Amino acid sequence: MGEIFVKVENVDVLYKDKPALHDVNIDVSKDAIYSFIGPSGCGKTTLLRSINRMNDEIPGFRLYGKIFVDGNSVYEMKKQKEIRLLRKGIGMIFQRPNLLPKTVMQNMFFPYEEHYHVNKRELAELAGEKLRIVGLADELKGRLHSPAQKLSGGQQQRLCIARALMLDTKLLLLDEPCSSLDPISTYQIEGLLTELKASRTIVIVTHNMEQSRRISDFTAFFHEGRIIEKGSAMQIFSHPTEELTQRYIRGDI
Amino acid sequence: MKCLRKIKNRRIASIVGYASSWISMAMVACVCLLILLVVFINGKSAISIPFLIEEPSASVMDPEAMGGISTPLIGTMILTAVGTAAAFPISLSTAVFMVYYAKKGLAGASIGLATDILAGIPTIVIGLFALAVFTDPAFTFLSTPVQNDGGVVLKAYGKSFLSAGAAMAAMILPFVAKAMYEALSRTPQSHFDGSLALGATKWQTIRKVSIPAARGGIVTGMILGMGRIMGDTAIVWLALGGSLRMTGRQPWHRPENWIDALRNTGSTLTSYIYYTSPVGEGNNLEAAFGASLVLICVIIALNAAAALIGSIGDSKKGWQ
Ligand SMILES: Nc1ncnc2c1ncn2[C@@H]1O[C@H](COP(=O)(O)OP(=O)(O)OP(=O)(O)O)[C@@H](O)[C@H]1O
Ligand SMILES: [Mg+2]
């Protein structure tokens, strides 16, 4: 195991007084894919969104313990500015593509909306480069100024990834990014993630066990707010040690 | 047997339900058409170019020399513009506060309660309240000063386009804020989250993502509020007054006199209709119906605009 990029230490989460996570510990290695699996409601999304403090707005959300991203203690950040900088360094992809009702390019520029000093030409070049990474540069030739929401679901989701990459993204958090996509688009995104991990750390929540098995280096199995088993994905999918994990992988829970 | 009867009953029930909903729909349509028809038949003979572009004369009662409705028509526009200008920013900020900042706290609950109560206050009470408040000397800037022989300001006159516009804004605020609240609540959480995740602040997200997404509903809500302003009479009568022509420095339409015209009184189509109806002093039914026809046309045009903008907003949405 190499360097650790995200470290989750003794984390407990409550919504109002309802516990959602209990004593969670995870070390996410740099430049690898870590997947969270487990039945619905077990806390996967809660943990993922805690990493970039996206739960702050939820009334009654409380987190105990520590989370470190690239060595910085996320929940010891006090200033809003620090939190925003943290978020800018982390790309987040949701279940459904969330492009704005604007053109492809306007969506790509959105992360720089408030940066008035940035030169439009440089920005367009940067956007072109990111679109190439996600394989959309050729596909979308001539459509860069047409509405982003006219693209196919898979293209939209890849565009969301490209948009997240516009900032200097070292970490990508994906919450069931393929759950609304067809198999071919899913396959493309999986290939893309495997390429991206060469220089980025990726955490993905998935309900698709096959997907988890195909792309992840490490896996954690969640059940009712606890981590039951974690480690190398190969190990967990071929020789799970806990009975709950075995049952989940067999499809019994 | 029993089973068959049940099916039969069910069929009858569905026929009754279908027929009653159809009848009630037909009745609504009939009443609407009837009103339009009566107004059209009685009002169309009054409509002419001079009726639209001439000022009302002092003797509205005389069909030969009654003049037209230019100042009431323009008064309706001015009052709607003033009311909209006052109500729009307040409604939008109330809605934004309620959706994004108040959460389920005390502030949100009290604003919600206050707007509900305000929505239930009859407009004539709002007009009375406006008159009582705006005659205070502190509000002289909204209307004109009333002085004694020595030139000392005793009180403000209280009635003016600005006073009435402020009262109109208070009247429509709860409805417009509610419509904007709903438009903003309908914008998807995932876009809000997406923007925050890209490092935008909450305020930037509201400005750049939420408000543009809710634009259709926001504009529609505002237009519906404008329709209410155009249709109200009680506030006009109390807070704007009953003089059919523009008061203040003349000619009122010269740009240098605009501010003065806003601080003075005039009329609207509704107060003109009241004045020329059999209960008013003017008692000229034909003129009243003519003005009604014009008012209804303006309001229908406004509603058409609202529907159009609403559909544009929807087709651009596609943000599930
Ligand atoms: N905003 C919220 N307010 C209150 N409780 C919440 C909230 N979000 C999640 N929870 C609760 O926290 C627990 C964990 O939810 P979470 O969404 O993290 O599960 P999940 O593993 O992502 O499930 P799924 O696979 O269905 O997406 C659940 O019991 C859920 O009801
Ligand atoms: Mg989830």
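Residue numbers start from 1 in every chain, and the chains themselves are labelled A, B, ... in the order their sequence lines are given, proteins ahead of strands. Everything numeric in this text was worked out from a predicted model, so none of it was measured.
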So what's closer than 4.5 Å to chain B heavy atoms on A:Lys102: side chain, backbone, both or neither? side chain

Would you name the heavy atoms of B:Gly194 and A:Phe94 that are closest together and state the gap between them? CA-CE1, 3.7 Å

Within a radius of less than 6.0 Å around CZ of B:Phe97, do more than 12 heavy atoms belonging to other residues, nucleotides or ligands occur? yes

B:Thr201 and A:Arg84 have their tightest heavy-atom pair at CG2-NE, 3.0 Å

Tell me if the CD atom of A:Gln80 is crowded by more than 12 foreign heavy atoms within 6.0 Å. no

Heavy atoms from other residues, nucleotides or ligands near CG of B:Leu33 exceed 12 (cutoff 6.0 Å): yes

Just wondering, are more than 12 heavy atoms of other shown residues or ligands nearer than 6.0 Å to NZ in B:Lys178? no

Say you draw a straight line from CZ of A:Arg87 to CG of B:Leu196; how long is it, rounded to the nearest 0.5 Å? 5.5 Å

Minimum heavy-atom distance between A:Leu99 and B:His191, given as atom pair plus value: O-NE2, 3.0 Å

Report, by ascending residue number, the residues of residues 155-177 of chain A in heavy-atom contact with chain B at a distance under 4.5 Å; give 'none' if the set is empty. A:Arg163, A:Ala164, A:Leu167

What closest approach, in Å, do A:Asn98 and B:Ser190 show between heavy atoms, and which atom pair accounts for it? ND2-O, 2.9 Å

Result of checking A:Met54, A:Met92, A:Glu57 against B:Asp193 for side-chain contact (heavy atoms from CB on, under 4.5 Å): A:Met54

By side-chain contact (heavy atoms from CB on, under 4.5 Å), which residues pair with A:Pro39, not counting sequence neighbours? A:Cys42, A:Phe221, A:His223, A:Tyr248

